[in-house]
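Chain identifiers are assigned alphabetically (A, B, ...) following the order of the sequence lines, protein sequences preceding nucleic acid strands; residue numbering begins at 1 within each chain. As the structure is a prediction and not an experimental result, all values here were calculated from the model.
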2 protein chains.
Amino acid sequence: MPKPTPKRAAAKAPATAAAEREPRGARRKRETRARLLEAALRLMARKGMEGVAINEITEAADVGFGSFYNHFESKEAIYEALMDQVFEDFGDALDILVRDIADVAEVIAICVRHTLLRARREPIWGQFLIREGFSARVLERGLGQRLLRDIQKGIAARRFTTKDPLMSFVAVGGTVLAAISAELQFGSAQGPQAAMLAALGVSGEGLAGRAAAAILQTLGLAPKEAEAIARRPLPVVEAGG
Amino acid sequence: MPKPTPKRAAAKAPATAAAEREPRGARRKRETRARLLEAALRLMARKGMEGVAINEITEAADVGFGSFYNHFESKEAIYEALMDQVFEDFGDALDILVRDIADVAEVIAICVRHTLLRARREPIWGQFLIREGFSARVLERGLGQRLLRDIQKGIAARRFTTKDPLMSFVAVGGTVLAAISAELQFGSAQGPQAAMLAALGVSGEGLAGRAAAAILQTLGLAPKEAEAIARRPLPVVEAGG
DNA sequence: TTCATAAATGATCATTTTGTCAATTATGAT
DNA sequence: ATCATAATTGACAAAATGATCATTTATGAA
């Protein structure tokens, strides 16, 4: 065990202090690590963890082959780090985003739309999400836990009329993943498929709002109210320091 | 191109004729091919196509390594054959099963429940389904096409009140896959997780009926009717020759 | 039984991939 | 400037994998 792979990158530099607080060497190290993670995300989103070779990652990251093992013990290790970064960080970001929203229905609408918008903006991220979205880790921890908790809260508050919390949880999660998949597929649709999609009303604005509305209806809101909530302006994500 | 890999196994032996109609050699060949496919399904469902080596497949199938290439040109080839067998054959089976059902809502309820029941009965099949269920091939052809067609039919017949056929399609498909995932995860739940599941009403009968009911509600049926349709007895699958 | 054909088999080789390591380079304190 | 430490690097050996092929075995007709 040459290196226990620190659990989190955790840039501890206090935002208030001078920018020179972090030594150059440390930053260099952080950056190559970040480059490796980014390259791994891009490749693994497309071909899966097993489908990419380590030298592919280092070449895509423009980093010497040996450097890989300075940061990760193995392919499995970088994959783990990737899961943590992608899912937990995103969950935390969502938490901050809806911190001040009182209505559970709106919380869910915002989370759903934000997820879909990000998947649209960063297709690689979206691909990774749908590839790993059904894994036990995501379902049980992070995003899954959060969603299940919100649904139960909504039921307790009589905001949702669903009788079957687990099934609602499953339906909402599955719908989000499938919507991402649809968006990614349709985003690059060509030929005869494009015509069918146009007939189904797939346009430039994406599926975010429509998915949120459908999900709120699934949870028991009336169609009109679901539509209304799904159209409310999104809170802006604060530019992270 | 040493061998074009026959498009389908297609055991043409007429069930009525004597059992000796098929020469032993042909049957032997069919059987090793089937063994290879079964082993590949089991392994690829767990580790993905790229994650399994050919010798793993042949060893799991208890077949000589070289035999692999008597039946498939490459790993991609057996993967293709697997996709065909799993998705298209299942789609055809569903078609036969609902051939005589007039009500679109019941057609969908039956398909959903049959899919979930089979995934429960054959977890490996289910795992493969959720792993590949978002691939373009499944969405566009086979099961996806079928589902989209049924939804549009239901809307045209004013059986479904959905205003957004594409979103409904996405939601139904995603819900089915997520339900399979949940079933597989929960089927092997241990420890503290089990308590939470019990609280959510996860019992032995599985999620099939509940998923079907939720899906029919998503399509616009009233909860009570959705429940009723989702509980109707399933048509028995005819024992195939 | 004999024989031609089809299928199965594992040894073999080329290529890919992994993991290690000594050498090189960058960093930051003295 | 000097030096100890940390990080990066690519060459290398070992292991894994893909694919080929001559040989063996099974099959079924003559």
Side-chain angles (χ1 to χ4, degrees), chain A residues 1-6 9 11-13 18-40 43-44 47-81, chain B residues 1-6 9 11 13 18-40 43-44 46-81:
Chain A
M1 207 189 298
K3 206 173 202 188
T5 305
K12 282 195 181 174
E20 279 311 326
R21 188 67 280 269
E22 186 182 27
R24 227 174 27 231
R27 191 179 56 177
R28 194 174 183 77
K29 182 172 183 180
R30 252 195 330 108
E31 277 171 359
T32 65
R33 188 187 144 99
R35 295 244 292 282
L36 286 169
L37 279 171
E38 190 193 9
L43 292 167
M44 288 181 173
K47 304 199 281 180
M49 175 186 68
E50 314 265 10
V52 329
I54 290 176
N55 67 337
E56 281 186 282
I57 298 176
T58 56
E59 279 161 27
D62 194 26
V63 157
F65 177 81
S67 284
F68 180 89
Y69 291 93
N70 287 336
H71 297 272
F72 306 99
E73 282 182 19
S74 64
K75 207 161 59 174
E76 286 73 25
I78 196 175
Y79 175 77
E80 290 295 313
Chain B
M1 208 189 297
K3 207 175 200 187
T5 305
E20 280 310 328
R21 187 66 280 268
E22 186 181 28
R24 219 166 44 224
R27 191 179 56 176
R28 195 176 182 77
K29 183 172 182 180
R30 251 193 333 105
E31 276 171 0
T32 65
R33 187 187 145 99
R35 294 244 292 283
L36 286 170
L37 278 171
E38 192 192 9
L43 292 167
M44 288 181 173
R46 189 152 42 88
K47 304 199 284 179
M49 175 186 68
E50 314 264 13
V52 327
I54 290 177
N55 67 335
E56 280 185 283
I57 298 177
T58 55
E59 279 161 27
D62 194 26
V63 158
F65 177 81
S67 286
F68 180 90
Y69 291 93
N70 286 335
H71 297 274
F72 306 100
E73 284 182 17
S74 64
K75 206 161 61 173
E76 285 73 25
I78 196 175
Y79 176 76
E80 290 293 314

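- At D/dA7, none of the side-chain N or O atoms of A/T32 fall inside 4.0 Å of OP1 or OP2 (strictly under the cut-off).
- Taking atom CZ on B/F68 and atom P on C/dG10, their separation rounds to 16 Å, with Å as the unit.
- In this structure, the nucleotide among C/dA7, D/dT8, C/dG19 sitting nearest to the side chain of B/N70 is C/dA7.
- Using a 4.5 Å heavy-atom threshold, the side chains of B/V52 and B/Y79 count as separate.
- B/E31 has its CD atom 14 Å from the C1' atom of D/dT27, to the nearest Å.
- Atom CG of B/L36 is separated from atom C1' of C/dA7 by 13 Å (rounded to the nearest Å).
- For the OP1/OP2 pair of D/dA7 and a distance below 4.0 Å, the side-chain nitrogens and oxygens of A/R28 include no atom meeting the criterion.
- As rounded to whole Å, 17 Å separates atom C1' of C/dT18 from atom CZ of A/F72.
- Side-chain proximity of B/I54 to C/dA8, D/dG18, D/dG28: nearest is D/dG18.
- If you take CZ of B/R27 and P of C/dA8, they are 13 Å apart, rounded to a whole angstrom.
- OP1 and OP2 of C/dA7 both lie 4.0 Å or more from every side-chain N or O belonging to B/H71.
- Residue A/F65 has its side chain nearest to D/dA11 when only D/dA11, D/dA19, D/dT27 are considered.
- Each of B/A26 and B/E76 has a nearest nucleotide on DNA chain D; the 5'-most of these lies closest to B/E76.
- One can place CZ of A/R24 at 15 Å from C1' of D/dT5, the figure rounded to the nearest angstrom.
- In the set D/dT9, D/dG18, D/dG28, the nucleotide with an atom closest to the side chain of B/K75 is D/dG18.
- Picking from C/dA8, D/dT17, C/dT17 the nucleotide with the shortest atom distance to the side chain of A/A53 gives C/dT17.
- In this structure, the side chains of A/Y69 and A/I54 come closer than 4.5 Å at one or more pairs of heavy atoms.
- OP1 and OP2 of C/dA6 both lie 4.0 Å or more from every side-chain N or O belonging to B/K29.
- For the pair A/H71 and A/R35, the minimum side-chain heavy-atom distance is 4.5 Å or more.
- Atom CD of A/E38 is surrounded by 12 or fewer heavy atoms from other residues, nucleotides or ligands within 6.0 Å.
- Atoms CG (B/N55) and C1' (D/dA16) sit 8 Å apart, rounded to a whole Å.
- Put simply, the residue from A/N55, A/I78, A/V63, A/T32 that forms a side chain to side chain contact (heavy atoms under 4.5 Å, CB included) with A/F68 is A/I78.
- Taking atom CZ of B/R30 as the reference point, atom C1' of C/dA8 lies 17 Å away to the nearest angstrom.
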